[in-house]
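Below is one structure; the comments refer to it alone.
Atoms within each ligand, like the ligands themselves, are counted from 1 in listed order.
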Amino acid sequence: MADDTMADTDLQRFDVVIQGGGIVGLAMAARLGEIEARSPIDGHPGLTIAVIDADQAPEALSEDTLALRTTSLNAGAINLLERNGVLAHLPEWFLTTFDRLEVGDRTRPVALSFDASDIQLPRFGVFVENDRLRYALWQLLKQRERVSLLAESRVRTREVLPDRQRLILDNGDIIEGALLIGADGARSMVRRDAGIDARSRDYAQNAQVINVRLAEHRDIHTTWQVFAPEGPLALLPLHDRQASLIWYDRPGTVQSRMAMDDEMLKATIRQHFPPRLPEIETIIERGQFPIARQHAQRYIAPRLALIGDAAHVIHPMAGQGVNLGLADVEILGDQLDRALRYGRDLGDQRALKHYQRHQWPRNAAMLTAVDQLYDIFRSPMADLFGRGLGGANHITPVKRLMMKMAVGPT
Ligand SMILES: Cc1cc2nc3c(=O)[nH]c(=O)nc-3n(C[C@H](O)[C@H](O)[C@H](O)COP(=O)(O)OP(=O)(O)OC[C@H]3O[C@@H](n4cnc5c(N)ncnc54)[C@H](O)[C@@H]3O)c2cc1C
C-alpha cells in the first residue's frame, strides 16, 4: 500500500516522478497506474510512480460542505476519469450534469443558447468541486501499491543524469525517476528550472467565486454566462440548491466586494446579475483568483514533460483548464504506454516529442480561441450578431467552437 509520508530510506527510485499533485498530476498517476492493470505488458510488472506535492494530503469533505472551487468536466475528461477508476471514488450525487449553456448580456440574458442534444449528446459535461475530485483521485492512488504519494514535500534541487532525473527534497531525501512530469501549476518550478519560457497575457481581471445556496433551483442542468464590459458573470449549478457564481471584474472592485458583509454582497449581486438568478438564501463562501493566460514555448526537455497549468493557463470563462490538462494526460499516457510496449525507455525522446507535437498546437488553438471569445464578448452584445454569432437557434462557427469546448476531444 502506498503511504502518504516519506519512507525512511534516503534514495527511492521510480519509473516516473510527477511533481505536483493537483487534479492533473494525480490524474496522470492514475492513468499511468492503469497501464499494467488494463492491458498487461509481457514481463512488465507495472510502473512505479511517485507524486510529490507541496500541499497536505486532501481531506474528506462532509456531504454538506461545499468546496470553494468548482470545475466543469467535458465528455473527454469524464471518459478518462471513468476509465481509470476515479469516478468509482466520487459519488454521482456530487457530479451535476449540464446539458444547456446560455449566453447573453443583462438585457438579453439568453441571446444564444446551446443544447447538448443539438450535437446528439446526452450532456455537455458535469460540474464537480475541485477538492472532492482531488480527494477521489488521492483515495484511488492510495490503493495502488506501486504509487507513492509524497504530501507536504518540496523539491530543493534537480539534476538530469543520462538515464534518469534526480530530485533532492527539502528533507534531504533523494527521489529518482526515468521521467519527470511537471504538473506543478501555473508557477511551475519544473518549467522554470528547465529553462522553458512561457508567453503570457495579464487580463487585469480577477475571478471572484461566490458560493451560494439558492432559495429555489430552477433549471438545475443549465449553466449561463452574461457578459458585461468589465467581464462575464456566470452561474454554475451544483447539488442541493447550491451554485457557484463566478464574477470577473477589475481586481480593485473584486477586493471591495470581498470586504462586504453578506447582506451587502447579496444586494450587490442582485444589482449586477440578471433577474433570472433565483433569490440567494445564503452566501456560503467567497474567494478570488487572478486571471492570466500563459503558454510554455515547449512542453518537453530531456527526460521531462510538462502537463496541465504548468504547460498552459487559459482564461477560465470557458471552463477549459482542467479539461486541457486531462487531455495532456490522455495523450502523454498513450505515448508512454506505447514506448513501454516497444520496449523503450520512459524518457524516450520520440514519445515525448510525439506528445508535444500533438498537444502544443491543439492547446495553442484553444488558448487563442478563448482569447478571441474574451475580446469579442467585451464588445456590446449588439455587435456580436454582426460578427457571425447568429441567432439563438442557429449553429454558427462560434457556437460550434463553444460546444466543442464543452465536449472536448472524444
Ligand atoms: C476561477 C477559476 C475557475 C476555473 N474553472 C474551471 C472550469 O470550470 N473547468 C476547468 O477545466 N478549469 C477551470 N479552471 C482552471 C483549473 O482550475 C486549472 O486549470 C487546474 O486547477 C490546473 O490543475 P493543475 O493540476 O495543472 O494545477 P494546480 O491545480 O495548480 O495544481 C498544482 C499542484 O502542484 C503543487 N505544487 C506547486 N508547486 C510545487 C512544487 N514546487 N513542488 C511540489 N508541488 C508543487 C501544488 O501544491 C498543487 O497541488 C478554473 C480556474 C479558475 C481560477
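In this structure, N84 contributes its side chain and E34 its backbone to no donor-acceptor pair below 3.5 Å. Q335 places no side-chain N or O within donor-acceptor distance of the main-chain N or O of L352, the cut-off being under 3.5 Å.
For G321, a nitrogen or oxygen atom sits less than 3.5 Å from a nitrogen or oxygen atom of ligand 1, counting backbone and side chain alike. The shortest N or O to N or O distance between D309 and ligand 1 is below 3.5 Å. Polar contact check, V24 against ligand 1: a nitrogen or oxygen pair lies under 3.5 Å apart. Considering backbone and side-chain atoms alike, R69 places an N or O below 3.5 Å from some N or O of ligand 1. Of the polar atoms of I246, none of the N or O atoms is found under 3.5 Å from an N or O of ligand 1, judged by distance alone. An N or O contact shorter than 3.5 Å is missing between A310 and ligand 1 by distance.
By the 6.0 Å contact criterion, CE on M264 is open, its count of non-hydrogen atoms from other residues, nucleotides or ligands being 12 or less. Heavy atoms from other residues, nucleotides or ligands lying under 6.0 Å from CZ of R270 number more than 12.
Heavy-atom proximity to N323, at under 4.0 Å, picks out these atoms of ligand 1: 11 (O). Interface atoms of ligand 1 facing G308, defined by a heavy-atom separation under 4.0 Å, are 26 (O). Heavy-atom proximity to A183, at under 4.0 Å, picks out these atoms of ligand 1: 32 (C), 33 (C), 34 (O). Proximity to S72 (heavy-atom distance under 4.0 Å) selects the following atoms of ligand 1: 7 (C), 8 (O), 9 (N), 10 (C), 11 (O). Atoms of ligand 1 lying under 4.0 Å from any heavy atom of I52, numbered from 1 in the order shown and given with element: 43 (C), 44 (N). Atoms of ligand 1 found under 4.0 Å from any heavy atom of I23, numbered from 1 in the order shown, are 25 (O).
Distance from atom 36 (N) of ligand 1 to its nearest protein heavy atom, with residue and atom name: D184 CB, 3.9 Å. Nearest non-hydrogen protein atom to atom 1 (C) of ligand 1 is A207 CB, 3.7 Å. Atom 16 (C) of ligand 1 has V322 CG2, 3.7 Å as its closest protein atom, hydrogens excluded (heavy atom only). Closest protein heavy atom to atom 40 (C) of ligand 1: Q19 NE2, 3.8 Å. Atom 31 (O) of ligand 1 has its closest protein heavy atom at G22 CA, 3.6 Å. Distance from atom 28 (P) of ligand 1 to its nearest protein heavy atom, with residue and atom name: G185 CA, 4.2 Å.
Remark: aromatic rings of F273 and W247 are close, center separation under 6.0 Å. Between H89 and Y135, the gap from one ring centroid to the other reaches at least 6.0 Å. The six-membered or imidazole ring of W360 lies near that of H295, with a centre-to-centre distance under 6.0 Å.
Because its NZ or CZ atom is both nearer than 6.0 Å to the ring centre of F289 and within 45° of the ring axis, R69 counts as a cation-pi partner of that residue.
Q225 and E102 share no side-chain donor-acceptor pair at under 3.5 Å. In summary, the side chains of Y355 and D334 do not present any donor paired with an acceptor at a separation below 3.5 Å, with no hydrogens or angles considered.
For the residues G287, A54, P316, the heavy atom positioned nearest atom 45 (C) of ligand 1 is part of A54. Comparing V51, D53, V209 by heavy-atom distance to atom 48 (C) of ligand 1, the nearest is D53. Nearest to atom 5 (N) of ligand 1 by heavy atom, out of L150, T70, N74, is T70.
Using a 4.5 Å heavy-atom cutoff, the side chains of V254 and R257 are in contact.
D309 and R187 are not joined by a salt bridge, as no carboxylate oxygen comes within less than 4.0 angstrom of a charged side-chain nitrogen.
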